[in-house]
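Single-structure report; data block below.
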2 protein chains.
Amino acid sequence: MTALAARADARPSARKRAGNGATRRIDADEIGLDALVGHAGYAVRRFQIWIFQDFVKTLGNVDIRPTQYSVLTVIGANPGLSQMAVAKRLGIERARLVHLLDSLEQRKLVKRVKSKTDRRSHALHLTAQGETALAKFKRLAAEHERHVEDRIGKENRERLLRILADFT
Amino acid sequence: MTALAARADARPSARKRAGNGATRRIDADEIGLDALVGHAGYAVRRFQIWIFQDFVKTLGNVDIRPTQYSVLTVIGANPGLSQMAVAKRLGIERARLVHLLDSLEQRKLVKRVKSKTDRRSHALHLTAQGETALAKFKRLAAEHERHVEDRIGKENRERLLRILADFT
DNA sequence: GGAAGTTTGTTGTTGACGACAACAATCGTC
DNA sequence: GACGATTGTTGTCGTCAACAACAAACTTCC
């Protein structure tokens, strides 16, 4: 399992103590992860970083980040929700949602409508502009999802979704 | 797919516009995620948050966070590595690793030894105290891993590790 | 009907984290 | 020996989770 070959032409590498005080070049893939390989959290974290970066890059032109996309999608599918409801459903803190909505409202994608039945809360809606924008975001997000398929395989992606289904 | 049942006794809920201006209580699980359900990134993010929180809670008494654990584990398995090598292997920025090591060094778990062959770099080692501490951390991390098993199932956890193996 | 407790949105702070940029010291190479 | 690259460091910026506190509005209970 452990790579032992020392490539003389390797560029990015570290130094390793030999028996004496000297060091020799070692490649990153020679470095053992030890207990880390058995930890799901580590693999998930690395994967999450990858997937996040691809999402941001794929939706870079429209300047939409994953959290913003999730908020827009939920509001689009459930118009009139309160901020609390959205926050609870997406596992976002309501304090954090305030800023997210401030930004989305400034961009004219979302509007906060005063609820008539509960004067504390806001009913969240997409603007007309928000509707058409979200449609575009969804197309780009689908493209991102194809990148995921390309990276881990179609079946593995579906397996993953099944395994993690009840975290959504 | 959309839950329509309205439970009268539901506590945490939002309000939904009826045909008129009125609202009715709806439960969080009534809120559709729409396109989000098909996105691996969303499921992974939620799972990552869960797993992260469980790790932090399980290793709470020893005050070790996932990133710190990964750094200690890699140094423990590969004594003498440079900061660059560790950063590259774990996908951490070397700027960030500086602070991580500052903290771990203050806690006497890690020591930076001046390299004799490259006076720019530090050879990273665990202290004796760090060795015994890491052994304890590993036991707790294994306990955390059992929580993951309990949550998603033994086979699913293994499937997950296989699917994401090349992100580590 | 009114007091007491709760919920909603908001503001603010803290700390972990990823991403960048700049810098001095040092190394490698030509 | 000069020039470019690498290493550790410092600093800034923006995202994000986690809390705490607050006013306004709602609910509950007496």
Side-chain angles (χ1 to χ4, degrees), chain A residues 9-15 23 25 28 45-46 48-57 60 63-71 81-88 90-103 105 110 112-124, chain B residues 9-15 23 25 28 45-46 48-57 59-60 63-71 81-88 90-105 110 112-124:
Chain A
D9 57 351
R11 298 292 286 90
S13 51
R15 300 180 189 290
T23 59
R25 293 263 175 202
R45 170 177 158 263
R46 298 298 299 261
Q48 213 265 334
I49 291 174
W50 181 88
I51 216 170
F52 187 89
Q53 287 173 339
D54 185 85
F55 188 99
V56 170
K57 197 187 306 171
D63 191 30
I64 286 290
R65 317 202 12 117
T67 313
Q68 295 175 314
Y69 176 74
S70 69
V71 170
L81 283 186
S82 70
Q83 298 186 193
M84 261 309 294
V86 172
K88 210 170 270 177
L90 290 177
I92 301 172
E93 285 215 27
R94 65 188 202 277
R96 166 133 187 69
L97 190 59
V98 172
H99 302 295
L100 284 168
L101 289 174
D102 285 350
S103 158
E105 204 171 22
V110 167
R112 289 189 247 224
V113 180
K114 284 181 196 162
S115 168
K116 290 171 184 170
T117 53
D118 187 339
R119 310 217 311 279
R120 292 171 303 180
S121 71
H122 297 152
L124 302 174
Chain B
D9 57 351
R11 298 291 288 90
S13 52
R15 300 183 187 286
T23 60
R25 293 260 176 205
R45 169 176 158 264
R46 298 298 300 261
Q48 214 265 332
I49 292 174
W50 181 90
I51 216 169
F52 187 88
Q53 287 172 339
D54 184 86
F55 188 100
V56 171
K57 197 187 306 172
L59 296 239
D63 190 31
I64 286 291
R65 313 197 24 114
T67 313
Q68 296 175 313
Y69 176 74
S70 70
V71 170
L81 283 186
S82 70
Q83 298 187 193
M84 261 310 293
V86 171
K88 209 169 271 176
L90 290 177
I92 300 174
E93 284 216 27
R94 66 188 201 280
R96 165 126 191 75
L97 189 59
V98 172
H99 301 295
L100 283 169
L101 288 174
D102 285 349
S103 158
L104 294 174
E105 204 170 21
V110 166
R112 289 188 246 225
V113 181
K114 284 181 196 163
S115 169
K116 290 170 182 169
T117 52
D118 187 340
R119 309 219 310 280
R120 292 171 303 179
S121 72
H122 297 152
L124 301 174

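Order of the sequence lines sets the chain letters (A, B, ...), proteins ahead of strands, with each chain counted from 1. All values derive from a computational prediction rather than experimental measurement.
In this entry the distance linking CG of B:Asp63 with P of C:dG15 reads 12 Å, nearest Å. Per the geometry, NZ belonging to A:Lys114 stands 13 Å off P belonging to D:dC26, to the nearest Å.
B:Ile92 comes within contact range of no nucleotide atom at all, as no heavy-atom separation falls under 4.0 Å. Nucleic acid contact for B:Leu97: none, since no nucleic acid atom lies under 4.0 Å from a heavy atom of the residue.
Here the side chain of B:Arg65 is nearest to one of D:dG8, C:dC17, C:dT8, namely C:dC17.
For B:Arg120 (side chain) and B:Ser115 (main-chain N/O), no donor-acceptor pair under 3.5 Å exists by modelled atom type.
A pairwise comparison of heavy atoms in A:Gln68 and A:Ser103 identifies NE2-OG, 3.8 Å as the closest pair. Residues B:Phe55 and B:Ile64 approach most closely at CE2-O, 3.8 Å, considering heavy atoms.
Remark: A:Thr67 is in phosphate contact with D:dC16, judged by side-chain N or O atoms under 4.0 Å from OP1 or OP2. For the pair A:Gln83 and C:dT10, the criterion of a side-chain N or O lying under 4.0 Å from OP1 or OP2 is met.
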Please list each protein N or O that sits under 3.5 Å from an N or O in nucleotides 20-26 of chain C, with the distance.
residue: C:dC20; atom: N4; partner: B:Glu93; partner atom: OE1; Å: 3.4
residue: C:dT26; atom: O2; partner: B:Arg120; partner atom: NH1; Å: 3.4

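Checked against side-chain contact (heavy atoms from CB on, under 4.5 Å), B:Arg112 has the following partners two or more places apart in sequence or in another chain: B:Gln83, B:Leu101, B:Asp102, B:Glu105, B:His122, B:Leu124.
Between A:Arg45 and A:Asp102, the residue anchored closer to the 5' end of DNA chain C is A:Asp102, taking for each the nucleotide with the nearest heavy atom.
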